[in-house]
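Per chain, numbering begins at 1; letters A, B, ... match sequence-line order. The structure presented is a predicted model; accordingly, all values stated were derived computationally and were not measured.
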Protein chains: 2
Amino acid sequence: MTKNRKNYHHGALKEQLVEAVRQLIETQGPDGFTIAEACRLAGVSTAAPYKHFRDREEILHAVILAAMHRMGAAMQAAADAYPAGDPERVVALGRAYIGFARAEPGVFALMFGHAGHHDEDEALAEEGRGKFAIVLRVVAEHIGRPPEDPEVNARAYALWCAVHGHCFLALDGKADKTEIMVSEEEYLRLVGRSYLP
Amino acid sequence: MTKNRKNYHHGALKEQLVEAVRQLIETQGPDGFTIAEACRLAGVSTAAPYKHFRDREEILHAVILAAMHRMGAAMQAAADAYPAGDPERVVALGRAYIGFARAEPGVFALMFGHAGHHDEDEALAEEGRGKFAIVLRVVAEHIGRPPEDPEVNARAYALWCAVHGHCFLALDGKADKTEIMVSEEEYLRLVGRSYLP
DNA sequence: TTGCCTAAGTTAGCGCTGCTAACATATGTA
DNA sequence: TACATATGTTAGCAGCGCTAACTTAGGCAA
């Protein structure tokens, strides 16, 4: 059963395990997966992961860190697609954030769902700060003030909260099934208009 | 070990199990608890819960539903504490929401952290609609329009998102440890000012 | 080339979990 | 008072995370 591969050594088990866990999280939900199942997907015994990771928590950590990276790249790409000052730029940034949440709802929930969990880990905290720095820069260039300005800080944070909150409610189906909202596009523009006059 | 109680029958096991699970979620986190541990807390065998609940999922469901109830009551109380039209009213509503998230971060994460999970359950969906109805009413009375007005709907949703998003970022420590934000009170007023001019 | 050191797999097994089946006891009602 | 039912028990199963001890393959020095 576990001998679908010809080599005794797997070769890229670490990366493949992270990917298997990511897939399982998306299909089974953030809690409905086991690393034993991921082992079966990767075609190794259930003891193999412990040559690469300390425990289950460390595997999850790797999954989350990789997801943070992808999300940050998507946000950066969205910001780069528009010139500084273009009002469409902040909307695109929000779309990228929401787009990631929709594309990978499982890991998104994992990234932000477990309260007080990231600040203890420096790598994750750094990744989070990097993402906020993107928002800060876009807002700063939009209203023509330095990123260190408290006003920029406050508005960038408000923007983040607005988009982040919408993601959770949207993923919960609260914005889809009930007719609470009109349209996501309209929402993003309302938010932009409200915080960046 | 399991004989700390004198009666063979426990009497109020169902309620006590829900409470035990709630406590464990708060102390161990949303994932770090087991129903076996809750049984030990309640002083019964690990098979006892299944006379009252179908499975673990149904226990969690009961915990979440009860939490939704408490949260709704807190929001209603906040809304009732100020007269219609008072600008302080919407700030108080936000404070109540955030207050619950801070008081019970574990169950709060559980309530909203697991994407696409509530809309399948009618009781939870109804509870969620009730909470949004409170926000709708407060916003409607604030800007002097009927609750059915799409404008009221859009602003109420935006308010919810802003507060909800802040809760998650605040619980993650992103708003506390880094100096991203100035103050929660200021944030609430900025949000109110932006959406309810 | 040979021979070892180490990285990266394996199997076996421990304790714990969620859950079920079968049995025991208390409670309410006829 | 008898008994049906609700609510507890113990025993036990399969699956999980994780460890220990063993095995295999690859890389490097002599």
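Listed by first then second residue, pairs satisfying side-chain hydrogen bond (donor to acceptor under 3.5 Å, both in side chains) with a partner in residues 33-43 of chain B read B:Gln28-B:Glu37, not counting sequence neighbours.
When rounded to the nearest whole Å, the span between NE2 of A:His52 and P of D:dC18 equals 15 Å. Between A:Phe53 atom CZ and C:dA8 atom C1' there is a gap of 13 Å when expressed in whole angstrom units. In this entry the distance linking CG of A:Asp55 with C1' of D:dG17 reads 9 Å, nearest Å. The separation between B:Ile59 atom CD1 and C:dC19 atom P is 8 Å, rounded to whole Å. Rounding to whole angstrom units, CG of residue B:Leu17 and P of C:dG18 are separated by 12 Å. In this structure, OH of B:Tyr50 is placed 13 Å from C1' of D:dC13, rounded to the nearest angstrom. When the C1' atom of C:dC19 is taken as reference, atom CD1 of B:Ile35 falls 8 Å away, rounded to whole Å. One atom, CD of A:Glu37, and another, C1' of D:dC16, lie 11 Å apart when rounded to the nearest Å.
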Output, in order, the C-alpha distance, side-chain angles, deciding distance and verdict of side-chain contact (heavy atoms from CB on, under 4.5 Å) for B:Ile134 and B:Tyr97.
CA-CA 12 Å; B:Ile134 299 176; B:Tyr97 198 95; over 6 Å; no

Run the numbers on A:Leu188 and A:Val163 for side-chain contact (heavy atoms from CB on, under 4.5 Å), then give the verdict.
CA-CA 8 Å; A:Leu188 278 177; A:Val163 174; 4.2 Å; yes

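The side chain of A:Val44 approaches C:dT10 more closely than any other nucleotide in the set D:dG17, D:dT9, C:dT10. Residue A:Ser45 places its side chain closer to C:dT11 than to any other of C:dG18, C:dT11, D:dT10. Taking every side-chain heavy atom of A:Ala47 into account, D:dT19 is the closest of D:dT19, D:dG8, C:dT20.
Although no hydrogens or angles enter the test, the distance criterion places no donor-acceptor pair under 3.5 Å between the side chain of A:Tyr157 and the main chain of A:Phe132. No side-chain donor-acceptor contact under 3.5 Å links B:Tyr195 to the backbone of A:Leu190.
Other residues, nucleotides and ligands contribute over 12 non-hydrogen atoms within 6.0 Å of the NZ atom of B:Lys131.
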Tabulated below should be each protein N or O lying under 3.5 Å from an N or O of nucleotides 13-16 of chain C; please produce it.
none

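Heavy-atom nearest nucleotides on DNA chain D were determined for A:Phe33 and for B:Ala48, and the one closer to the 5' end corresponds to B:Ala48.
Evaluation of the side chain to side chain contact (heavy atoms under 4.5 Å, CB included) rule for A:Ala74 yields no partner, not counting sequence neighbours.
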